[in-house]
Amino acid sequence: MIALVFGAGGLTGSAIVNKLINDSDFKQVIVFSSKDFQITHPKIKFIKIDFDTIEKVRSEIEGDVLFCCLGTTRKKTGSASNFERVDVTYPTMLAKTASENDVKKFILISSIGANANSSNFYLKTKAGCEHGVRKNFLGSVIIFRPGLLLGKRKEKRFAEWISQQIMKRINFLFRGKFKKYRAVSAQKLAHCMVIFAKNNNEKLRIVENDEITSFKS
């Protein structure tokens, strides 16, 4: 298979790329990024992209499965509208382009609690992303809704780092109906995403956090 990866420079995206290059079911991994990509491997083809002029690389967005790991923070983008552009507009454009190019599967990272009716801006935005992808992609859509992600990011997110330290110590306390709120390692999320990409062909599949944290392949 040929995998397309967007957001490969992030915590989960880079983990997915490493999983894919070591998986014999994938013969090529095409990485799209606005920044230079550090991982080199014979399977990897790197394409630099400006998401505001995606038409320039339209013909390159061809393969079997697309992993969309795009995401940012409102603080980093500077405004709500810029945050929505990265987290909703870009994934929606990718879904439309990939569908037109006959990509069969679209794997999306969303968030636990994503809800269009939420008063929380972040969760409402993530629901908007899910809706945009589902509306514009005609193939199989698999949406992952993880909780707090554990792992070392390249960029510094102090509040998230504090949350990670706390969750590492109390994660085991989340049991029963609260299990769905457990933090999950980016490595485990990446593993789940690759396994589902290979084995799941449902028109729509939403994988909630409790399924991710308890997943065994």
Side-chain angles (χ1 to χ4, degrees), residues 4-16 30-37 46-61 66-101 103 106-139 141-149 151 153-164 181 183 186 189 193 204 206-209:
L4 315 172
V5 184
F6 291 81
L11 182 61
T12 306
S14 58
I16 287 173
I30 307 177
V31 173
F32 296 82
S33 178
S34 59
K35 299 178 181 178
D36 291 336
F37 191 62
F46 172 70
I47 297 175
K48 201 156 191 174
I49 182 174
D50 177 350
F51 286 96
D52 291 319
T53 56
I54 194 172
E55 288 296 324
K56 292 182 179 180
V57 296
R58 167 180 287 273
S59 63
E60 301 283 0
I61 305 176
L66 187 152
F67 293 87
C68 183
C69 310
L70 297 176
T72 186
T73 64
R74 188 169 175 176
K75 180 180 180 181
K76 186 176 179 180
T77 58
S79 70
S81 60
N82 285 338
F83 177 75
E84 288 180 304
R85 189 172 80 254
V86 175
D87 275 55
V88 179
T89 304
Y90 292 167
T92 299
M93 289 192 308
L94 288 179
K96 185 175 186 299
T97 302
S99 187
E100 290 171 348
N101 287 358
V103 176
F106 195 104
I107 317 295
L108 174 69
I109 298 179
S110 182
S111 171
I112 185 174
N115 187 331
N117 298 315
S118 176
S119 59
N120 181 289
F121 174 74
Y122 178 82
L123 298 180
K124 189 173 183 177
T125 301
K126 287 300 182 183
C129 175
E130 292 185 8
H131 174 74
V133 169
R134 291 172 59 177
K135 182 179 178 181
N136 288 279
F137 191 78
L138 300 180
V141 175
I142 307 175
I143 298 171
F144 286 80
R145 293 176 175 169
L148 177 68
L149 293 174
R153 292 186 184 275
K154 294 177 182 178
E155 61 178 317
K156 300 296 183 182
R157 295 183 183 179
F158 184 70
E160 185 179 86
W161 180 83
I162 291 294
S163 298
Q164 283 194 21
Y181 297 111
L189 174 59
M193 292 174 74
L204 174 65
I206 296 177
V207 187
E208 299 286 0
N209 191 53

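This one's a predicted model, so the numbers in the text were calculated from it and none came from an experiment.
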Shortest non-hydrogen separation from [X] to [Y] and the atoms involved:
X    : Y    : value
G7   : C69  : O-CB, 3.8 Å
D52  : Y90  : OD1-OH, 2.8 Å
L138 : S99  : N-OG, 3.1 Å
K48  : V57  : O-CG1, 4.1 Å
L123 : I112 : CD2-O, 3.3 Å
S33  : F46  : CB-CE1, 3.8 Å

N/O donor-acceptor pair under 3.5 Å between [X] side chain and [Y] backbone:
X    : Y    : result
N120 : Y122 : yes
T89  : V86  : no
S110 : I143 : no
N136 : A95  : no

How long is the span from the [atom1] atom in [X] to the [atom2] atom in [Y], to the nearest 0.5 Å?
X    : Y    : atom1 : atom2 : value
F51  : K56  : CZ    : NZ    : 14.0 Å
C68  : F106 : SG    : CZ    : 4.0 Å
N101 : L4   : CG    : CG    : 9.0 Å
N82  : D87  : CG    : CG    : 11.5 Å

Heavy-atom side-chain contact between [X] and [Y] under 4.5 Å:
X    : Y    : value
M193 : I109 : yes
C129 : L108 : yes
L94  : I54  : yes

What is the ring orientation for F6 with F32, classed by angle as parallel under 30°, tilted 30 to 60°, or perpendicular over 60°? parallel
CZ of R85: more than 12 outside heavy atoms within 6.0 angstrom? yes
Residues that [X] engages under salt bridge (Lys or Arg N to Asp or Glu O under 4.0 Å), provided they are two or more places apart:
X    : result
E100 : R58, K96
R145 : E130, E208
K124 : none

Are L66 and F137 close enough, and set up right, to give a side-chain contact (heavy atoms from CB on, under 4.5 Å), and what steps lead you there? CA-CA 11 Å; L66 187 152; F137 191 78; over 6 Å; no
Residues E60, I30; criterion side-chain contact (heavy atoms from CB on, under 4.5 Å); working and verdict: CA-CA 9 Å; E60 301 283 0; I30 307 177; 5.7 Å; no
